[in-house]
Amino acid sequence: TSQTITVTAYDAYNNLATGYNGPHSLTFAGANPSPAPATNPKVAAIAFGSPTNLIFTNGVAAGTMYLYKVETAHITATDGSINADAHKLDVVVSHAAPAYLAVTGTGTQTAGDSQTITVTAYDAFNNVATGYEGSKDLIFSGANPSPDPASNPTVAGVNFGSTTSLIFTSGVATGTMYLYKVETAHISADDGTINASLHKLDVVVSHATPDYLTVTGTGTQTAGTSQTITVTAYDAYNNLATGYTGSHNLTFTGAHPSPAPATNPKVAGIFFGNPTNLVFTDGVASANMYLYKVETAEINATDFTIDAE
């Protein structure tokens, strides 16, 4: 907002200098720009620090002053010869109405782990809106559930998309956030009036520790023929465990030898029940599997830490 300020010229004996008349170029100082992206204080539409032309009549001039930074400003003016340094105007500047929220925190997170996020209210000039206080109902968005069976992202124990109550003190609140899906999440918050859509927290979510394997392929096979099976590693939240890479020794089970004289089932040329070396890339490996016994085989694989059961 603005106010009209008055600049008055005096002589050394504190008499009004009525002869100080006409246009005078003054430079104002003592107020700062708002936080970035900055808005500069101004008098008569001229930014502080630049020459500002005011018209004096009988030693007095007036101008409209806008201030944007929350602070105690100490307004002075100089014409290059005389100044107001000993006669400043002190102005306590308060924030404007809350205009937006910002969500801040850490830019990386492991699925299933938590971090503390901070939600801050600001006015239109990027000052913290310290008057935004007490319990506020926010709805968080920008993160997705993990793959089925899904685990939903939460803040303060409440699922994204549902009303979450946070307590603000001087414009700031915190909450514990859990994320579960491997993705780059763009976390926003909305109270129904203001939101963080332009001030989101971007979080790169990585998978948790590999938790289980899956074996996939074709559901039918003729004895003595082969199919290519795929073994995939997942974390506990059903994200592909792309960090499960390189050579891994797996033991396959779930298929039986044919009737005597027996022919043993095998993967990558290695009989079931023996360590079989497969090379994983981004959590996935494939190999040829031969089956020989007529049965419904239930193929499992284990590295003796995680398995496909």
Closest heavy-atom pair, F160 versus G142, reported as atoms and distance to 0.1 Å, is CD2-N, 4.2 Å

Close side-chain approach of K136 and S165, heavy atoms under 4.5 Å
no

Just by modelled atom types, is the T218 backbone N or O under 3.5 Å from a matching donor or acceptor in the Q227 side chain?
yes

Any idea how F56 and H24 line up, ring-wise: parallel (<30°), tilted (30 to 60°), or perpendicular (>60°)?
perpendicular

Would you say the side chain of V91 lies within less than 4.5 Å of the side chain of Q3, judging by non-hydrogen atoms?
yes

Distance in Å, D190 CG paired with I139 CD1, rounded so as to fall on 0.5 Å steps:
7.0 Å

Distance, nearest 0.5 Å, that separates CD1 of I46 from CG of L54
10.0 Å

Backbone N or O of G131 within a donor-acceptor pair of the H95 side chain at under 3.5 Å?
yes

Honestly curious: do L166 and I187 fall in one hydrophobic cluster under the side-chain, below-4.5 Å linking rule?
yes

How far apart are the closest heavy atoms of T230 and V284, and which atoms are they?
CG2-CG1, 3.5 Å

Whether T52 side chain and T27 backbone form a donor-acceptor pair below 3.5 Å:
no

Can V93 be reached from Y122 by stepping across I, L, V, M, F, W or Y side chains whose heavy atoms are under 4.5 Å apart?
no

Are the side chain of N159 and the backbone of S162 linked by a donor-acceptor contact shorter than 3.5 Å?
no

Quick one: does any side-chain atom of N239 pair with a main-chain N or O of A208 as donor and acceptor, under 3.5 Å?
no

Correct closest heavy-atom pair for N53 and S25 would be OD1-N, 4.3 Å

Starting from the C-alpha separation in whole Å, work towards a yes-or-no answer on side chain to side chain contact (heavy atoms under 4.5 Å, CB included) for V267 and N288.
CA-CA 6 Å; V267 171; N288 284 330; over 6 Å; no

One should read off an interatomic distance between T164 OG1 and L138 CG, to the nearest 0.5 angstrom, of 7.0 Å

Which atom of I82 lies closest to which atom of D79, heavy atoms considered:
N-OD1, 2.7 Å

Minimum side-chain heavy-atom gap E295-H256 below 4.5 Å
yes

Per side chain to side chain contact (heavy atoms under 4.5 Å, CB included), N127 is matched among P35, S94, P98 by P35

Show the numbers, then the answer: is there a side chain to side chain contact (heavy atoms under 4.5 Å, CB included) between F48 and L67?
CA-CA 10 Å; F48 274 44; L67 302 179; 4.3 Å; yes

Keeping S146 on the side-chain end and A150 on the backbone end, is there a donor-acceptor pair under 3.5 Å?
no

In T120, N195, N126, D123, the residue satisfying side chain to side chain donor-acceptor pair (under 3.5 Å) with Y100 is N126

For the pair H207 (side chain) and V182 (backbone), establish whether a donor and an acceptor sit closer than 3.5 Å, ignoring hydrogens and angles.
no

When rounded to the nearest 0.5 angstrom, what is the spacing between CZ in F271 and OG1 in T251?
14.5 Å

Ignoring hydrogens and geometry, is there a side-chain-to-backbone donor-acceptor pair from T78 to G80 under 3.5 Å?
yes

Please determine whether residues F272 and Y290 belong to a single hydrophobic cluster, defined as Ile, Leu, Val, Met, Phe, Trp and Tyr linked transitively by side-chain heavy-atom distances below 4.5 Å.
no

Tested for side chain to side chain contact (heavy atoms under 4.5 Å, CB included) against T302, the lone hit among D307, N249, L250 is D307

Can you hop from I229 to Y244 via hydrophobic side chains spaced under 4.5 Å?
yes

Using 0.5 Å steps for rounding, measure from the CG atom of D85 to the CG atom of N83.
3.5 Å

So, does N238 use its side chain to make a donor-acceptor pair with the main chain of P147 at under 3.5 Å?
yes

Could you walk me through whether I270 and F252 pass the side chain to side chain contact (heavy atoms under 4.5 Å, CB included) test, one step at a time?
CA-CA 9 Å; I270 305 298; F252 288 87; over 6 Å; no

Between V158 and T163, which heavy-atom pair has the shortest distance, and what is it?
CG1-O, 3.5 Å

Intermediate values then yes/no, side chain to side chain contact (heavy atoms under 4.5 Å, CB included), D191 and F168
CA-CA 12 Å; D191 73 356; F168 282 76; over 6 Å; no

How many angstroms lie between atom CD1 of I194 and atom NE2 of H199, to the nearest 0.5 angstrom?
10.5 Å

Taking side chain as C-beta onward, heavy atoms only, is T4 less than 4.5 Å from M65?
no

Any donor-acceptor pair under 3.5 Å linking the side chain of N300 with the backbone of E309?
yes

Atom of G171, atom of V128 and distance for their closest heavy-atom approach
CA-CG1, 4.5 Å

Side chains of V7 and Y20, heavy atoms from C-beta outward: is any pair under 4.5 Å?
no

For F280 and H248, take the angle between the two ring planes, folded into 0 to 90°, and tell me which bin it lands in: parallel under 30, tilted 30 to 60, perpendicular over 60.
perpendicular

Just wondering, are more than 12 heavy atoms of other shown residues or ligands nearer than 6.0 Å to CD in E298?
no

For residues 174-185, the side-chain hydrogen bond (donor to acceptor under 3.5 Å, both in side chains) pairs (sequence neighbours left out) are N144-E183

